[in-house]
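Let me give you the structure first, and then I'll get to my questions.
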Amino acid sequence: MSDKLIEVVDNAGVVRLTITRPKALNALNSAVLGELEHVLVELEGRDDLRAVLITGAGEKSFVAGADIAEMRDKTPEQARDFARAALATFKRLETLPVPTVALVNGFCLGGGCELALACDWAVASDNAVFGQPEVLLGVIPGFGGTQRLPRRVGPAMALDLCTTGRKIDAAEALRIGLINRVMAQSELEAYAQELSQQIGGNGPQSVRAAKQAIHDGMDQDLDSALALENALFAFCFAGEEQTEGMSAFVEKRKPNF
């Protein structure tokens, strides 16, 4: 295993990030968050980026949470700074211009669930366990959970999870809309490969435009959001990508993006 805490594998612009602290169930400490921030800064500057997949090493855990041993003795000021650093890193992940997907295997708790929520969507193996159990430790979610979770599953379900600290399995996570898909653990790797090929084969600028339209439009009233969609739709006709895509369709061939 590399000494790096974030393993980066690039497959033609589809980048997989693997958090590699398996002995600690991939818990998020300052070193992991710092390295993740550094990797994301590098990815932001890449014009050839197509998608980002994020997962955890080993079969037991995506990310089991933040590192409690590191947090235990923090002062309020230190806790605030630690959370602010995590929030900034997760925001950087959330605002990447390409699709971001969490591949969840095993524990996805606390900061791990918040990391998955910062991705555009999540796919889980059937052994995945989700939750925001911070109240069991005398705190609340600090990496965005109280804000992104209700936006994903609704305020009532978010209050349920954040105030009881209960854990849910992949089937319930799918039912409430926390994740998009569940599959057997043995199928998760094949799905990742299929997803990489699917997104990688689409028009890169149109994929970016679709994400921008959805993300930015959610924060606007409907008329403004529709105007944004119209502007981005028109923008797609300004380059060669649309010409190639539509020509390939008419000519009954695969487009070469």
Side-chain angles (χ1 to χ4, degrees), residues 17 19 25-29 32-33 36-37 40 52-56 61-68 70-71 79-96 99-183 188 211 214-220 225:
L17 307 180
I19 298 171
L25 298 178
N26 303 317
L28 301 174
N29 60 10
V32 172
L33 291 169
L36 179 58
E37 170 82 6
L40 293 174
V52 173
L53 313 180
I54 188 162
T55 191
S61 182
F62 171 71
V63 171
D67 192 318
I68 297 170
E70 180 180 352
M71 290 192 297
R80 178 195 60 206
D81 292 343
F82 179 60
R84 280 180 176 173
L87 287 168
T89 298
F90 286 11
K91 185 65 175 180
R92 197 177 292 278
L93 173 64
E94 184 178 50
T95 56
L96 282 176
T100 56
V101 185
L103 302 173
V104 179
N105 184 32
F107 294 118
C108 184
L109 303 172
C113 191
E114 291 168 302
L115 176 61
L117 287 166
C119 295
D120 293 322
W121 73 87
V123 176
S125 62
D126 53 12
N127 74 326
V129 179
F130 297 84
Q132 297 288 171
E134 286 87 351
V135 290
L136 304 178
L137 303 171
V139 296
I140 67 170
F143 296 178
T146 65
Q147 303 308 309
R148 290 193 178 96
L149 186 59
R151 285 167 169 78
R152 183 75 63 90
V153 305
M157 184 57 70
L159 274 165
D160 176 345
L161 295 174
C162 289
T163 60
T164 66
R166 71 183 180 94
K167 302 175 182 64
I168 61 175
D169 61 17
E172 185 170 358
L174 178 65
R175 180 181 64 79
I176 67 175
L178 178 56
I179 60 176
N180 291 59
R181 195 172 303 182
V182 178
M183 60 196 64
L188 194 61
K211 174 167 178 173
I214 292 171
H215 273 250
D216 292 355
M218 289 293 292
D219 294 327
Q220 301 180 22

side-chain contact (heavy atoms from CB on, under 4.5 Å) involving E37 - partner list, sequence neighbours excluded
V41, T89, R92
Worked verdict on L117 versus L178 for side-chain contact (heavy atoms from CB on, under 4.5 Å)
CA-CA 8 Å; L117 287 166; L178 178 56; 3.5 Å; yes
Hey, what do you get for NZ (K91) to CG (L40), rounding to the nearest 0.5 Å?
13.5 Å
In this structure, CG of L93 is separated from CG of L115 (nearest 0.5 Å) by 6.5 Å
Would you give the length of the straight line joining atom OG1 of T164 to atom CD of Q132, rounded to the nearest 0.5 angstrom?
10.5 Å
Please assess F130 against F62 for the test ring pair (Phe, Tyr, Trp, His ring centres under 6.0 Å), listing each intermediate value before the final yes or no.
CA-CA 10 Å; F130 297 84; F62 171 71; 8.4 Å; no
Who pairs with Q220 by side chain to side chain donor-acceptor pair (under 3.5 Å), at least two apart in sequence or on another chain?
none
Partners of P99 by side-chain contact (heavy atoms from CB on, under 4.5 Å), sequence neighbours excluded?
D120, W121, I199, V207
To the nearest 0.5 Å, tell me how far C113 SG sits from I168 CD1.
7.5 Å
Test of understanding: with side-chain contact (heavy atoms from CB on, under 4.5 Å), list the residues that count as partners of A64, not counting sequence neighbours.
L25, S61, F107
Atom pair SG/CD of C108 and E114 - distance to nearest 0.5 Å
10.0 Å
Please list, one pair per line, the donor and acceptor atoms closer than 3.5 Å that link side chains of residues 154-162 to other protein atoms, with sequence neighbours excluded.
{"unit_1": "D160", "atom_1": "OD1", "unit_2": "R166", "atom_2": "NE", "d": "2.9"}
{"unit_1": "D160", "atom_1": "OD2", "unit_2": "R166", "atom_2": "NH2", "d": "3.1"}

Value for CG (D169) from CG (D126), rounded to nearest 0.5 Å, stands at 10.0 Å
The criterion is side-chain contact (heavy atoms from CB on, under 4.5 Å); which residues satisfy it with N127, sequence neighbours excluded?
N105, S125, Q185
